[in-house]
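In this text, all values refer to a predicted model and were calculated from it rather than measured experimentally.
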Amino acid sequence: MSSDPAALDRLTDLLAELGLAARAPVELAELLWLAARGTEGGPGPDTPGQPAPRTDRPTAADRGGHRPRHRTEHAPGPDGTGPRTALHLPAPDRGGRPAPAVPAPTPDAPMLARPLPLQRALRPLKRLVPDERRRLLDEQATADRLAEALREPGPVQWLPVLRPSTERWLDLHLVLDLGPTMTLWRPLARELRTLFQQTGAFRQVTSGRLLPDGRLAHRRIAEGRSAVLVISDCMGPQWRTGPAGDRWHRTLHGLARRLPVAVVQPLPERLWPLAAVPAVPGVFTATEAGAPDAAYGFAPFTDAPPGRGAPAVPVLEPGPDWLANWAQLVGSPTGGQVVGAALMLGAAPSAAGRPVEAGPDPEELTPEELVVRFRATASREAFTLAGMTALTTPALPVMRLLQQVGLARPQPQHLAEVVVSGLLREQTGRPGYFAFRPGVRELLLHTLPRSTAHHALELLIRVGGRIGDPGRSAAGTFPAWVETAGGGTLTLLDTRPFALVSPEAARLLGVTGAPVFTLAGPVAGAHPPEPAGQAGDEDVPPAPPAPEPAALPDPERSRAVLLLTTSRGAPGEVLEEQEYTALRDLAALAEALVDPALVGLDRRHIWLGEDDPDGFQRALQRAVQEAEDTLVVHVGGPLGPGDELGVAVGAGRWGGVHRPGLDWQAVVETVAGGRAARRLLILDGSRSVPPEPAAGGAVAVDPGSFQVVNLRHPVDRSVAGRLAAAIRTGDPDGAPQLTVHHLLEIALQSTPPAPPVTRIWPPRDGRPLVLARNAQLHGGPVESRTPSHSGTHRKEPAGPEAPRPYFFLSHPGGPGDRAVDRLYQDLCEEVLQLTDLPASVPPGFLDRSPELDSWSRWQITEALATCRVFVPLYSPRYFVSERCGKEWYGFARRAARAAERSAVQASGIVPVIWVPVASAEQPAAARQLRFNHRSLGPEYQSEGLYSLARVAGRRELYELAVHRLATRIVQVAHETRIPPGRPLTWDGLENAFLRSPRPGG
């Protein structure tokens, strides 16, 4: 923040112009502090791929009749117009133009645009082991020992109880190759080191250097509980025959004999044959955690087998999938088997591996041949990056910025493809600065679309927005210059600017008083508030219409936040019928969004809540920050008093405490400030006395979102249910991919003749939002099954006994989950053979979610309210699990209520001996059950089903037990006939293992 007194005077004058009273210095300081916090982490006005923040949205003062907020003369417009300052790179000694300029240290873009997936990939290595060198005081055990000592007569003598401390399992040693071709990758090495340190998976992370002469400049690497990662493109003299290669080969061979070693190859896999030592694809096998490379089994995909006793060193790209495979190979306690690539190290140094035909020298090729060769081998992202570089300056910092603003998934490999393509040549004495070979720049410009080649201005503004965004991470700074009218240092500047920044961004770079030029007309990709009435500059053609997005939502960059509030007054209350139906509709919408045959969002990126406004606000804030492609927000529930739409969604009393409602306008403004390129907002309010269609004119509308507002009677079907049905039904006459507008037409065509209020606002720019595949053209999302008609086949009941899942498999999770999954699949197959269950109804339910989130709780309570039989897997871990106790209670309570209404006293519980548990160690709820396990076999009774599933040679005993167990499940289901009930909330469930037994559970 500037400390110029004149700036405070200008702020005081501005407040006076707005009609505000003079402010004390403390008040001014608070205003500046709030202004700074209000812009932290938010998108800048010029951030690419994001809607510009609205400057014409009415504020509270506008709605109250006060004068609109002041906009300064030099503020950039929402369409990209306004004053700009050009940033230049310094030119080489024999180029550029001299001009007075001031330095502007510019934030660099990181090479790892998304480090979080890389950190997640290292989770198998994030383990704790006892630390025998340190001891910690065990307070509880010490207190117990002291209490026992005080009971004895005489003097009290006691010692504290100490327990071993814990530490991380593994040390990581990073080795950076300092060969002549590695200048490009030094920023990547720094970012990888920071990433490995921040992930917390390693006890310590140390760095070393691999010198061009083959020596390893690193402190001694101890054996055991250590891993080594070498960051190298395998092109330097250390990897070739000669003294340097011999020295490094011996060192690497010795490390591979003692430790797990891997090479992080920055180049993409298709360029690995160009390296001095090409990698061989194959399958790695490790027998234990932390095994050295020499202990790996490696089966190459090629015909040539590896040499006897040759360690196989894994080669990785710096991507999450590659790191995840290596982490599994190193960290799996029982060993692992992964697909990868290896450097085969023989007992003696070999030549440069299999010979690779050297291509023609770039100096010998014409510009046309260079571009055609690059286009034939490069990825689409690399070719796009080369074209954007032709519009600006070919320097590594600028190219990294272009990656961030121009590519959806920037990777270091894309930059490498451009650098090694032969299109560029490095400037002498300036590492990281390049120049296009003669004629190449012009050809690349001709390959770009016309709308891009004629709008270089837009690209410069987008790069400037990336530089001036304070919410973006930066890997450091690089030198840049701003030309001044006078007073600066005479500097050779590159003739092409690489960015156009706003005056505010220039001040952030430490440049004040720089000359600016004003963009009078709209630039490509920007959409002014009004469709007409603004003349463009003759050099800048009018903006073309926005292209229709042809892709479905990106699962990794899309989020969904869904909330339903009810009129329930306490957590344990049963929902009303219409609210229960609305909750099922919302869950159906969530299932449609994650169905890979329909929308295909990632389940981990969807938040589903019930009566949790606080959780919704937290989930919404997180989704707004993370979503870059598509964001779906749904809020449904009863409306509070008043005529404004959504002012009090879900207001009421909860547990005797007044609960404030959600302000829909605040939700809209929060979403509008996010980074998602496509947004769908749904307000589905219910009211006993619906308002007139003319009411609700004060609803907040985001011009960049597709927004639906529906006010309905509580008994009418919700928008979520109609939309979910439309997604699953599809349109036989529609396109392969359906937009939101088309889906809403399908969903609302069966709406009652006179709905209360239904309004739809498309985005101002008219861009359609592609949401789902057309189920009619993709064969439907549900796999069809043909039931068997064996002798024990049972017909499904009709009428009130509509098809429902047969069993709920209850287990505590954790070790043995694979065996539980296998049991579940086998039981489902057996139940399908014994019944004619429809294909649309799953035979059973098994919760596989790693975390007990809101969606998992909803699915569990829904399954407990509808399944026919409860199947608990008895084990010592089962009866100490609160989650399993709640599941038991939910089903047992429903069975008890059914028994009260009929003469049949049946629990509907079919227990399974997973791991034997003595009867005395079982809780009362389990001991009171009477179930005969003799029909499943003596081995099952004595050892449990888990032993039969895991021990080799007992497959027949396991299959027989599973078949008889499935037969028993079907028999109990048809004998007990426990009707479905309304699900309780998760908080309303008690732990059946801690309760006193009651009849029926």
Side chain to side chain contact (heavy atoms under 4.5 Å, CB included) evaluation trace for His741 with Leu769: CA-CA 8 Å; His741 195 278; Leu769 195 164; over 6 Å; no
Close side-chain approach of [X] to [Y], heavy-atom, < 4.5 Å:
X	Y	value
Thr739	Leu743	no
Pro553	Leu601	yes
Leu809	Val820	yes
Arg678	Val770	yes
Val624	Arg559	no
Asn774	Pro736	no
Ser881	Phe993	no
Arg773	Leu598	no

By side-chain hydrogen bond (donor to acceptor under 3.5 Å, both in side chains) - contacts of Asp554 (at least two apart):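 Per chain and number, Asp554 pairs via side-chain hydrogen bond (donor to acceptor under 3.5 Å, both in side chains) with Arg409, Arg557.
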Results of side-chain hydrogen bond (donor to acceptor under 3.5 Å, both in side chains) for Gln825 - residues two or more places apart only: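 With sequence neighbours excluded, Gln825 shows a side-chain hydrogen bond (donor to acceptor under 3.5 Å, both in side chains) to no residue whatsoever.
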State whether the side chain of [X] and the backbone N or O of [Y] hold a donor-acceptor pair below 3.5 Å, judged by distance alone.
X	Y	answer
Arg717	Gly721	yes
Arg894	Ile978	yes
Arg675	Ala627	no
Asn710	Val719	no
Asp585	Ala720	no
Arg679	Gly674	no

Of all heavy-atom pairs between [X] and [Y], which one has the smallest distance, and what is that distance?
X	Y	answer
Asn991	Gly885	OD1-CA, 3.2 Å
Val740	Leu680	CG1-CD1, 3.8 Å
Cys867	Phe807	CB-C, 4.3 Å
Ala590	Leu608	CB-CD2, 4.5 Å
Val671	Val633	CG2-CG2, 4.0 Å
Ile746	Ala726	CG2-CB, 4.0 Å

Working to the nearest 0.5 Å, report the span between [atom1] of [X] and [atom2] of [Y].
X	Y	atom1	atom2	answer
Ile860	Phe845	CD1	CZ	5.5 Å
Ile682	Ser705	CD1	OG	11.5 Å
Gln859	Trp986	CD	CH2	12.0 Å
Thr630	His605	OG1	NE2	13.0 Å
Leu593	Leu562	CG	CG	6.5 Å
Phe808	Thr866	CZ	OG1	9.5 Å

Residue pair Gln617 / Gln621, side-chain donor-acceptor N/O under 3.5 Å: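 Absent: no donor and acceptor within the cut-off.
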Side chain to side chain contact (heavy atoms under 4.5 Å, CB included) assessment of Asp684 paired with Val635: CA-CA 6 Å; Asp684 187 34; Val635 176; over 6 Å; no
Residue among Leu583, Leu564, Thr565, Leu563 satisfying side-chain contact (heavy atoms from CB on, under 4.5 Å) with Glu610: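 So, applying the side-chain contact (heavy atoms from CB on, under 4.5 Å) to Glu610 and each of Leu583, Leu564, Thr565, Leu563, only Leu583 qualifies.
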Whether His974 and Tyr806 hold their rings parallel, tilted or perpendicular, with breakpoints at 30° and 60°: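 Rings of His974 and Tyr806: tilted, 30 to 60°.
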Trp888 and Tyr878 aromatic ring geometry - parallel, tilted or perpendicular at 30°/60° bounds: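 Taking Trp888 first and then Tyr878, their aromatic rings sit tilted (interplane angle of 30° to 60°).
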For Glu591, salt bridge (Lys or Arg N to Asp or Glu O under 4.0 Å) partners two or more places apart: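 Partners of Glu591 by the salt bridge (Lys or Arg N to Asp or Glu O under 4.0 Å) criterion come out as none, since no residue qualifies.
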Results of salt bridge (Lys or Arg N to Asp or Glu O under 4.0 Å) for Asp602 - residues two or more places apart only: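 Asp602 satisfies salt bridge (Lys or Arg N to Asp or Glu O under 4.0 Å) with Arg604 once adjacent residues are dropped.
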Side chain to side chain contact (heavy atoms under 4.5 Å, CB included) evaluation trace for Thr976 with Arg868: CA-CA 8 Å; Thr976 57; Arg868 306 169 185 228; over 6 Å; no
Working for ring-ring contact (aromatic ring centres under 6.0 Å, His included), residues His634 and Phe616: CA-CA 10 Å; His634 174 281; Phe616 168 80; 9.5 Å; no
Sequence-distant partners of Ile760, side-chain contact (heavy atoms from CB on, under 4.5 Å), two or more places apart: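 Counting only residues at least two positions away or on another chain, Ile760 forms a side-chain contact (heavy atoms from CB on, under 4.5 Å) with Phe706, Val708, Leu744, Leu748.
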side-chain contact (heavy atoms from CB on, under 4.5 Å) involving Ser686 - partner list, sequence neighbours excluded: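 Expected list: Pro638, Arg712, Pro714.
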Thr835 and Val970: CA distance, side-chain angles, deciding distance, side chain to side chain contact (heavy atoms under 4.5 Å, CB included) verdict: CA-CA 8 Å; Thr835 65; Val970 175; 4.0 Å; yes
